[in-house]
Amino acid sequence: MQTITTITELRHALAESRKTDRCVGFVPTMGYLHDGHLALLRESRIRCHVTVASIFVNPTQFGPTEDLSTYPRDFLRDETLCSAAGVDILFTPDAGEIYPAHFTTFVEPGELARPLCGAFRPGQFRGVATVVCKLFNIMQPDFAFFGQKDFQQCAVVRSMSADLDFPIEIVTVPTVREPDGLAMSSRNKYLTSDERKRALAISRALFTAEAAFRAGEREAKRLTDTARRHLTELDQLQYLELVDPDSLEPATSPLGRRTVLCVAAYIGSTRLIDNVILT
Ligand code: AMP
C-alpha cells in the first residue's frame with residue numbers, strides 16, 4: 001500500500017493504473033476506521049482492480065460549534081487497517097492541500113440537502129458536496145462507495161455526481177452494526193458506558209417500526225409513534241421522519257413500496273444518526 005499526501009503524487013500514481021485500463025474504486029472517509037468503513041473497502045476490492053481510500057477530516061462540513069478539533073483520529077491504526085484490508089493507495093492530505101489559501105469555490109447542493117440533517121447542520125452538505133466533488137476530480141475513480149448510515153449524504157452525493165456529469169458509479173453499502181444493533185460510527189467513541197447503553201434506543205426504535213411495517217402497518221404516523229416510544233431516554237431527538245428515499249420529502253400514508261425512516265438524536269453531547277429502509 002502506498003500512503004500519499006499530495007494531489008500531484010496521487011494523480012501520478014493513478015495514471016499508471018489508468019494506462020493499463022484498471023478499474024479504480026474510491027472510498028472516502030474521515031478516518032478512525034471501524035467495520036462500517038471496512039465493508040466499503042471490501043466492496044471496492046470485489047468490484048475494482050485498484051482501491052483508493054482517503055482519510056480527510058473535512059473542515060468545511062463542520063459548523064463553528066461542532067467537533068472538528070476533537071473528531072477522533074488515529075492515523076497509524078487506520079493505516080494498518082487499510083493495509084490489511086487490501087487498500088492499494090491511502091490518500092491522507094492535510095487541510096491546506098485540499099483548501100489552499102486562494103480557495104473560494106464551493107458546490108451548492110439543491111433540495112436534497114435541505115431536510116433532515118440539512119435543517120440542523122446548515123452548510124454540512126455544501127461542505128460534503130464540495131470535498132467529494134474535489135476528490136472525484138482528483139481521483140477520477142470508476143466507482144465510489146458510501147454507507148447507507150449516512151442516507152442523506154448518499155442522496156446528495158448521487159445527485160451532485162449526476163448533475164456535474166461525473167462518469168462514476170455511486171454504490172451504497174448497507175449499514176454495519178454492532179452485535180446489539182447500534183450503527184457503527186466513529187463518534188460512538190465519545191459515548192460513556194451509560195450513554196452507550198441509552199444509544200441502543202435508536203436502533204431499537206427503528207427495528208420496532210420496521211417490524212410493524214413488515215406486519216402490514218402503512219400509516220406513517222402510527223409507525224413514527226411506534227418508534228418514538230423507544231426514544232424517550234435520549235437527551236434530544238432532532239428528527240424522526242419517514243421520507244421518500246429519492247426526494248427525501250415526507251412520506252404520505254398509506255406508505256408506498258419504499259420509505260426510509262431516519263433519525264438524528266443527541267445522547268449527552270454526541271449526535272448520532274441512523275435509518276432503516278422500509279421495503
Ligand atoms: P465517515 O468516516 O464517518 O465520514 O464515513 C465514511 C464512509 O463510511 C461514509 O460513506 C459513511 O456512510 C460510511 N459509514 C460510516 N459508518 C458506517 C456504517 N456503520 N456502515 C456502513 N457504512 C458506514
Side-chain angles (χ1 to χ4, degrees), residues 25-47 51-63 66-68 70-75 77-79 81-82 85 87 90-93 95 98 112-113 116-117 121 124-125 127-136 139 141 143-161 168-191 196 199-200 202-203 206-207 245 260 262-264 270-277:
F26 172 42
V27 178
T29 83
M30 298 208 296
Y32 209 73
L33 303 182
H34 50 66
D35 284 353
H37 298 113
L38 298 186
L40 271 55
L41 295 173
R42 210 173 305 121
E43 195 62 33
S44 174
R45 294 257 296 141
I46 290 168
R47 296 197 192 210
T51 290
V52 185
S54 65
I55 295 178
F56 181 61
V57 182
N58 175 34
T60 63
Q61 71 190 71
F62 288 79
E66 292 182 346
D67 57 342
L68 172 62
T70 54
Y71 194 82
R73 292 164 167 87
D74 189 342
F75 176 69
R77 178 175 168 275
D78 287 349
E79 195 177 36
L81 286 172
C82 283
V87 169
L90 176 58
F91 182 49
T92 59
I98 299 296
L112 292 172
L116 306 173
C117 290
R121 300 185 66 194
Q124 179 201 357
F125 291 117
V128 167
T130 301
V131 79
V132 173
C133 177
K134 281 175 69 74
L135 292 168
F136 279 5
M139 288 187 209
F143 290 80
F145 300 86
F146 294 84
Q148 185 202 311
K149 185 181 80 73
D150 299 271
F151 192 87
Q152 187 172 18
Q153 171 169 280
C154 290
V156 168
V157 165
R158 225 173 249 288
S159 143
M160 179 279 292
S161 182
I168 299 171
E169 185 168 331
I170 310 292
V171 179
T172 301
V173 176
T175 303
V176 176
R177 298 179 179 280
E178 301 286 356
D180 62 7
L182 180 70
M184 290 195 179
S185 164
S186 306
R187 288 188 169 104
N188 291 350
K189 174 187 165 34
Y190 296 143
L191 301 170
R196 171 66 181 77
L200 256 196
I202 296 178
S203 51
L206 295 176
F207 296 156
V260 200
C262 301
V263 60
T270 304
R271 183 177 182 277
L272 299 179
I273 59 172
D274 198 355
N275 64 81
V276 283
I277 300 175

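Counting starts at 1 for both ligands and their atoms, following the listed order. Because only heavy atoms are used, hydrogens play no part in the values below, and waters and symmetry mates are left out as well, while side chains stay in. Along the sequence shown, the residues carry numbers beginning at 1. Model, not experiment: these values are computed from the prediction.
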- Message: Looking only at protein heavy atoms, which one is nearest to atom 12 (O) of ligand 1, and what is the separation?
- Response: Asp150 OD2, 2.6 Å
- Message: Testing the basics here: between Leu200 and Asp180, what is the closest heavy-atom pair and its distance to 0.1 Å?
- Response: CD2-O, 3.3 Å
- Region of Asp35 that comes within reach of ligand 1 [heavy atoms, distance under 4.0 Å]: neither
- Item | Within reach of ligand 1, part of Met184 (heavy-atom separation under 4.0 Å) | both
- Task: List the steps, then state whether side-chain contact (heavy atoms from CB on, under 4.5 Å) holds for Ile277 with Phe151.
- Result: CA-CA 10 Å; Ile277 300 175; Phe151 192 87; 3.9 Å; yes
- Message: Once you measure the plane-to-plane angle for Phe143 and Phe145, does it fall in the parallel (<30°), tilted (30-60°) or perpendicular (>60°) bin?
- Response: parallel
- Message: Check this for me: Arg45, atom CZ, are more than 12 non-hydrogen atoms of other residues, nucleotides or ligands nearer than 6.0 Å?
- Response: no
- Note: ligand 1 atoms sitting under 4.0 Å from heavy atoms of Gln153 are 9 (C), 10 (O)
- Item | N/O separation below 3.5 Å, Leu40 to ligand 1 | no
- Message: Show the atoms of ligand 1 that are less than 4.0 angstrom away from any heavy atom in Pro28.
- Response: 6 (C), 7 (C)
- Task: Could you tell me whether Asp67 and Arg271 have a side-chain N and a carboxylate O separated by less than 4.0 Å?
- Result: no
- Query: With backbone taken as N, CA, C and O and side chain as the heavy atoms from C-beta onward, which portion of Arg177 lies under 4.0 Å from ligand 1: side chain, backbone, both, or neither?
  - Reply: neither
- Query: Would you say Glu178's side chain and Met184's backbone share a donor-acceptor pair under 3.5 angstrom?
  - Reply: no
- Note on the structure: For Phe146, the ligand 1 atoms with a heavy-atom partner under 4.0 Å come out as 10 (O)
- Message: Quick test: of every protein heavy atom, which one is nearest to atom 1 (P) of ligand 1, and how far off is it to 0.1 Å?
- Response: His37 NE2, 3.6 Å
- Query: Taking all atoms of both residues into account, what is the closest heavy-atom pair of Leu90 and Phe75, and its distance?
  - Reply: CD2-CE1, 4.0 Å
- Before signing off on this row, confirm whether Thr175 and ligand 1 have an N or O atom pair separated by under 3.5 Å. no
- Task: Closest by any non-hydrogen atom to atom 21 (C) of ligand 1: pick that one out of Ser186, Ala39, Pro174, Ser185.
- Result: Pro174
- Message: Test your reading of the model: is there a side-chain donor-acceptor pair from Asn275 to the backbone of Gln148, 3.5 Å cut-off?
- Response: yes
- Heteroatom proximity flag, Met30 to ligand 1, N/O under 3.5 Å: yes
- Task: Walk me through it: do Met30 and Phe62 pass the test side-chain contact (heavy atoms from CB on, under 4.5 Å)?
- Result: CA-CA 12 Å; Met30 298 208 296; Phe62 288 79; 3.9 Å; yes
- Query: Among protein heavy atoms, which sits nearest to atom 10 (O) of ligand 1, and what does the distance come to when rounded to 0.1 Å?
  - Reply: Gly147 N, 2.9 Å
- Note on the structure: Atoms of ligand 1 under 4.0 Å from any heavy atom of His34, numbered from 1 in the order shown, are 15 (C), 16 (N), 17 (C)
- Message: List the residues meeting salt bridge (charged side-chain N to carboxylate O under 4.0 Å, His left out) with Glu79, not counting sequence neighbours, and say none if there are none.
- Response: none
- Check whether any N or O atom of Val176, backbone or side chain, sits under 3.5 Å from an N or O atom of ligand 1, and answer yes or no. yes
